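These notes are about the structure you will find just below.
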Number of protein chains: 2
Amino acid sequence: MNNITDIHYGPLPADSPYVKPFRFHYTQNGKQKSWDLLKVHDSVSIVIFNVTRKKLVFVKQFRPAVYHGIISGDGVEPGCIDMKKYPPELAVTMELCAGIIDKPISTIEIAREEVLEECGYDIPVERIEEIIRYRSGVGTSGAEQTLFYAEVTDEDKIASAGGGVDDEIIDVVEYDLEEARKLTDKGTVITSPPSFLFGLLWFLTNRAPKN
Amino acid sequence: MNNITDIHYGPLPADSPYVKPFRFHYTQNGKQKSWDLLKVHDSVSIVIFNVTRKKLVFVKQFRPAVYHGIISGDGVEPGCIDMKKYPPELAVTMELCAGIIDKPISTIEIAREEVLEECGYDIPVERIEEIIRYRSGVGTSGAEQTLFYAEVTDEDKIASAGGGVDDEIIDVVEYDLEEARKLTDKGTVITSPPSFLFGLLWFLTNRAPKN
C-alpha cells in the first residue's frame, strides 16, 4: 500500500468538493468576533470485534493530512520534500473502520456499508449498536461523528470484499486485546486520531471479554 | 457567556492566519491522487483533577464550528439563521483545558500556561505528566495533540486567573467522578470532541481514586 511517490502541494482550487472554508461572524457580549471554519461531512466510526478469533479489527491507510502535519511541523517547504527522510510510512495511520455520510441513507446503514467495504464483513444493521455521538472537531469543523460497535465472526467475512472501494487503498489489521490495550498506555506516540483511542478504550472498558 | 447575536458567515479571506487550505498531490501505486487539506497548529490538552474536592476540571465555551455543524446539518443557509430555533447554547461545548502551540516554548510549558489561563491553577511543569501523543485529525488536518494529566489543589488556585485571556470567554466547570463517568455511557449525545472523551476515560481507567 505504501508505494507512494511524487508528493507535492499547492493552492486549494475554489471548487473543492471536500474542503469548503469560510469565515463565521458573530457578536458575543457586544463584541464583534469572527472564526475561520471548514465545512466537512458528518461521519461514522465502528469498533469491530471478531469474536471467532477474539481480535479487534482496525484499518490502516496513508493519510495525506498526517504526512503534511509531520513535515510542516519540521518546517519543510512544499516544493522540496526529502522522501528518504520522510518516507510515506510515517503517515500510515491505524483507525477504526469509518466513513463520511454522503448518501441519503440512515447513519447505521452507512456504518453497515463501511464494515463491508473497508473490512469485508457482511452483517445486518440489527447487529450494529450505536454507542455515542460527539463532534469530530470543535476548532475548525464541528461535524458530528457517531460511534458504533459491532461483533463479527469469521463466517461473516466475504472473501472478495474489504480494502475499500474505488480508489481507496486500505489494509485491514487485527489486534488481540493485550496488544490493543498497550496502545492506550502512557508514553504512546501514535498517528491515530483520538476517536480511535476513545473507541478502543470504550470497548476495553465496556465490552471486552473479561479473561 | 452565551450573549451571542448576529451570526452570519461568508467567504474565507485569502489571508486567514488560522485556516490555510491547500491541495496535496501524490502518486500511489502508479495512480495520481490529490487530497484537500488544511494547515492547523499542533496543540495540547490537559486532564485536570482537583484532588482537594475530587473533581475533574473542564472548560465550556461557545464554538462557532459546532454551531455551524449543527445548522448546516439541517440545511440552514448562511443568510437566514433563526436564532430562536438555533440558540447559541446548542454549541457550547465541554472540553478539556487545551490550547494551540503558537509560541517557541516547550509543549509542557504551553500546557502549564493553559492550565493557568483557562482554569486558574498555577502549577509548575514538574506536576504535569505527559500521557499520549496522537493526531487530532486524520482527514483534513494532521496536527499533533499531546495529552497531559495534572493534579491540582484548591491552594493552587489564583483568584484572579482563569476564564481565558484576551478575547476568550471560557467557563470553568467541575464534575465529580460519577457525573463524569456517565458522559462516556452508551446513548450519550455530546458536543465535546473525541479527545475529551478519551482523556476522561483514560483518567477513569488509570488515575481515578478507586472508591
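Quick note on labels: first sequence line is chain A, next is B, and so on, each numbered from 1. Bear in mind the structure is a predicted one, so any value in this text is a computation, not a measurement.
Only the side chain of B:W35 comes within contact range of chain A, with heavy atoms under 4.5 Å apart. Residue B:I70 touches chain A through both its backbone and its side chain, counting heavy-atom pairs closer than 4.5 Å. Contact of B:L183 with chain A is made through the backbone alone, with heavy-atom distances under 4.5 Å. The parts of A:P64 that come within reach of chain B are both its backbone and its side chain, each placing non-hydrogen atoms under 4.5 angstrom from that chain. At a 4.5 Å heavy-atom cutoff, the contact between A:K33 and chain B is made by side-chain atoms alone. Heavy atoms of A:V189 lying under 4.5 Å from chain B belong to its backbone as well as its side chain. The part of B:S192 that comes within reach of chain A is its backbone (N, CA, C, O), which places non-hydrogen atoms under 4.5 angstrom from that chain. Neither the backbone nor the side chain of A:L147 has a heavy atom closer than 4.5 Å to any heavy atom of chain B. Using a 4.5 Å cut-off between heavy atoms, A:T5 contacts chain B through both its backbone and its side chain. Only the side chain of B:T205 comes within less than 4.5 Å of a heavy atom in chain A; its backbone stays farther off. Contact annotation for B:V138: both backbone and side-chain heavy atoms come within less than 4.5 Å of a heavy atom of chain A. Of the two parts of B:P21, the backbone and the side chain both hold a non-hydrogen atom closer than 4.5 Å to a non-hydrogen atom of chain A.
In terms of modelled atom types and a separation under 3.5 Å, the side chain of B:R135 and the main chain of B:G142 share a donor-acceptor contact. The main-chain N or O of B:D176 is found under 3.5 Å from a side-chain atom of B:E179 such that the two form a donor-acceptor pair. With hydrogens and angles ignored, the 3.5 Å screen pairs a side-chain donor or acceptor of A:T191 with a backbone N or O of A:V92.
Within the model, atoms SG of A:C97 and CD of A:E114 stand 6.0 Å from one another, a figure rounded to the nearest 0.5 Å. Between the CD1 atom in B:I81 and the CG atom in B:D74 there is a gap of 12.0 Å [rounded to 0.5 Å]. Between the OG1 atom in A:T146 and the CD atom in A:E130 there is a gap of 5.5 Å [rounded to 0.5 Å].
Screening A:F62, A:Y9, A:Y67 for a ring-ring contact (aromatic ring centres under 6.0 Å, His included) with B:Y26, the sole residue that qualifies is A:F62.
For B:F196 and A:F198, the ring centers are positioned 6.0 Å apart or more.
Chosen from B:G30, B:A98, B:G69, B:A91, the residue pairing most often with chain A at heavy-atom distances under 4.5 Å is B:G69. When each of B:I131, B:I100, B:D42 is scored by its heavy-atom pairs under 4.5 Å with chain A, the top score falls to B:I131. Note on B:K31, B:K186, B:Q32: by heavy-atom pairs under 4.5 Å with chain A, the leading option is B:K186. Taking chain A as the reference chain and counting heavy-atom pairs below 4.5 Å, the highest number among B:G199, B:P17, B:S16, B:S136 is found for B:S16. For the set A:K39, A:H41, A:Q145, A:K20, the count of heavy-atom pairs under 4.5 angstrom toward chain B peaks at A:K39. The candidate from B:T184, B:T93, B:D185 with the greatest count of non-hydrogen atom pairs under 4.5 Å with chain A is B:T184. Between chain B and the options A:F22, A:Y134, A:Y149, the largest number of non-hydrogen pairs under 4.5 Å is found for A:F22. Per-residue counts of heavy-atom pairs under 4.5 Å with chain B were compared for A:V40, A:I101, A:V66; the largest is that of A:V66. The choice from A:A143, A:S72, A:G137, A:S45 that makes the most heavy-atom pairs within less than 4.5 Å of chain B is A:S72. Among the candidates B:L37, B:L201, B:D6, B:N206, the residue making the largest number of heavy-atom pairs closer than 4.5 Å to chain A is B:L201.
Between B:F24 and A:H68, the ring planes are perpendicular. Angles over 60° get that label, and only those under 30° would be called parallel.
Between B:R112 and B:E109 a salt bridge is recorded (basic side-chain N to carboxylate O distance below 4.0 Å). Between A:R127 and A:E151 there is no salt bridge, since no side-chain N of the basic residue sits under 4.0 Å from a carboxylate O of the acidic one. We find that A:R63 and A:E95 are joined by a salt bridge, their nearest charged nitrogen and carboxylate oxygen being less than 4.0 Å apart. Ion pairing of B:E129 with B:R207 is present here, as a side-chain N (NZ or NE/NH1/NH2) and a carboxylate O approach within less than 4.0 Å.
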